[in-house]
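The next block holds one structure in the form of structure tokens; read it before the comments.
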Amino acid sequence: QVQVVESGGGLAQPGGSLRLSCTVSGDIVRIHTMGWYRQTPGKRRELVAAVDDNWRPNYPDSVKGRFTLSGDEATNTVFLQMNNVKVDDTGAYYCRAEIVPVVGYAGRYEELWGQGTLVNVSS
């Protein structure tokens with residue numbers, strides 16, 4: 001019953017801000033990687049930001065300098081602070097995690113996805 005719980009999203013004007021939250025709930029051994037991806041109709045799902053197992057963030061050029069990913073290891077949570085948003089940031093945002101599960105581990109990390117939260121940037 002390990003789950004990915006997402007919150008945040010909504011409507012923002014260009015230049016505004018949004019904050020997304022993602023928590024891996026339930027008992028796990030540890031996080032391997034964790035981050036956010038976004039999907040726009042007609043485009044491939046792309047990485048927005050992610051942290052490695054030392055909670056160090058990585059960003060693509062499309063969001064670098066505008067978005068900040070931070071984390072709380074104690075609660076297996078990451079926060080995506082989206083500043084100076086653009087219309088092109090509009091899309092469905094999905095949280096992804098690779099975890100080491102307490103049970104059922106067979107030498108592979110388990111991949112988990114959230115249900116997605118919508119971000120709409122418009123005037």
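Computed from heavy atoms alone, side chains included, the values below leave out hydrogens, waters and symmetry copies.
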In this structure, CD of Q3 is separated from CD of Q115 (nearest 0.5 Å) by 9.5 Å
What I'd like to find out is whether the side chain of I99 reaches to under 4.5 Å of the side chain of V29, using heavy atoms alone. no
All side chain to side chain donor-acceptor pair (under 3.5 Å) counterparts of S17, not counting sequence neighbours: N83
Going by the disulfide bond (SG atoms under 2.5 Å apart) test, which pairs reach into residues 72-123, not counting sequence neighbours? C22-C95
Using salt bridge (Lys or Arg N to Asp or Glu O under 4.0 Å) as the criterion, list what pairs up with E46, not counting sequence neighbours. R38
Does anything in residues 23-66 form a ring-ring contact (aromatic ring centres under 6.0 Å, His included)? List the pairs, not counting sequence neighbours. H32-Y109, Y37-W113
Quick check: closest heavy atoms across V87 and P14, and the distance to 0.1 Å? CG2-CG, 4.0 Å
Sequence neighbours left out, what passes salt bridge (Lys or Arg N to Asp or Glu O under 4.0 Å) with K64? Give chain and number order. D61
Mind checking who shares a hydrophobic cluster with V5, ILVMFWY linked at side-chain heavy-atom distances under 4.5 Å? none
E6: partners by side chain to side chain donor-acceptor pair (under 3.5 Å), with sequence neighbours left out: none
Run V51 and T33 through side-chain contact (heavy atoms from CB on, under 4.5 Å) and show every step you take. CA-CA 6 Å; V51 294; T33 62; over 6 Å; no
Taking every non-hydrogen atom, the tightest pair across Q13 and S123: NE2-O, 4.3 Å
T68 side chain to Q81 backbone, donor-acceptor under 3.5 Å: no
Any ring-ring contact (aromatic ring centres under 6.0 Å, His included) pairs touching residues 73-97, not counting sequence neighbours? none
For S122, enumerate each residue passing the side chain to side chain donor-acceptor pair (under 3.5 Å) test, keeping only those at least two apart in sequence or located in another chain. none
Check for a donor-acceptor pair, side chain of T77 on one end and backbone N or O of T75 on the other, with a separation under 3.5 Å. yes
Given side-chain contact (heavy atoms from CB on, under 4.5 Å), test R96 with L112 step by step and report yes or no. CA-CA 6 Å; R96 176 184 180 270; L112 304 173; over 6 Å; no
Greater than 12 external heavy atoms within 6.0 Å of E111's CD: yes
Test log, rule side-chain contact (heavy atoms from CB on, under 4.5 Å), inputs I31 and V100: CA-CA 6 Å; I31 296 287; V100 178; over 6 Å; no
Kindly indicate whether the side chain of V119, heavy atoms from C-beta on, has any atom under 4.5 Å from the side chain of M82. yes
Under a 4.5 Å cut-off applied to non-hydrogen side-chain atoms, are L47 and N58 in contact? yes
By salt bridge (Lys or Arg N to Asp or Glu O under 4.0 Å) - contacts of R66 (at least two apart): D89
For residues N76 and I28, determine if any side-chain heavy atom of one lies less than 4.5 Å from a side-chain heavy atom of the other. yes
For G9 and L18, work out which heavy atoms get closest and say how close. O-CD2, 4.1 Å
Can you give me the closest heavy-atom contact between L80 and A49, atom names plus distance? CD1-CB, 4.0 Å
Got K86 and V121 here, is their nearest side-chain heavy-atom distance under 4.5 Å? no
By side chain to side chain donor-acceptor pair (under 3.5 Å), D27 pairs with (sequence neighbours left out) none
Just jot down the salt bridge (Lys or Arg N to Asp or Glu O under 4.0 Å) partners of D52, sequence neighbours excluded, or say none. R56
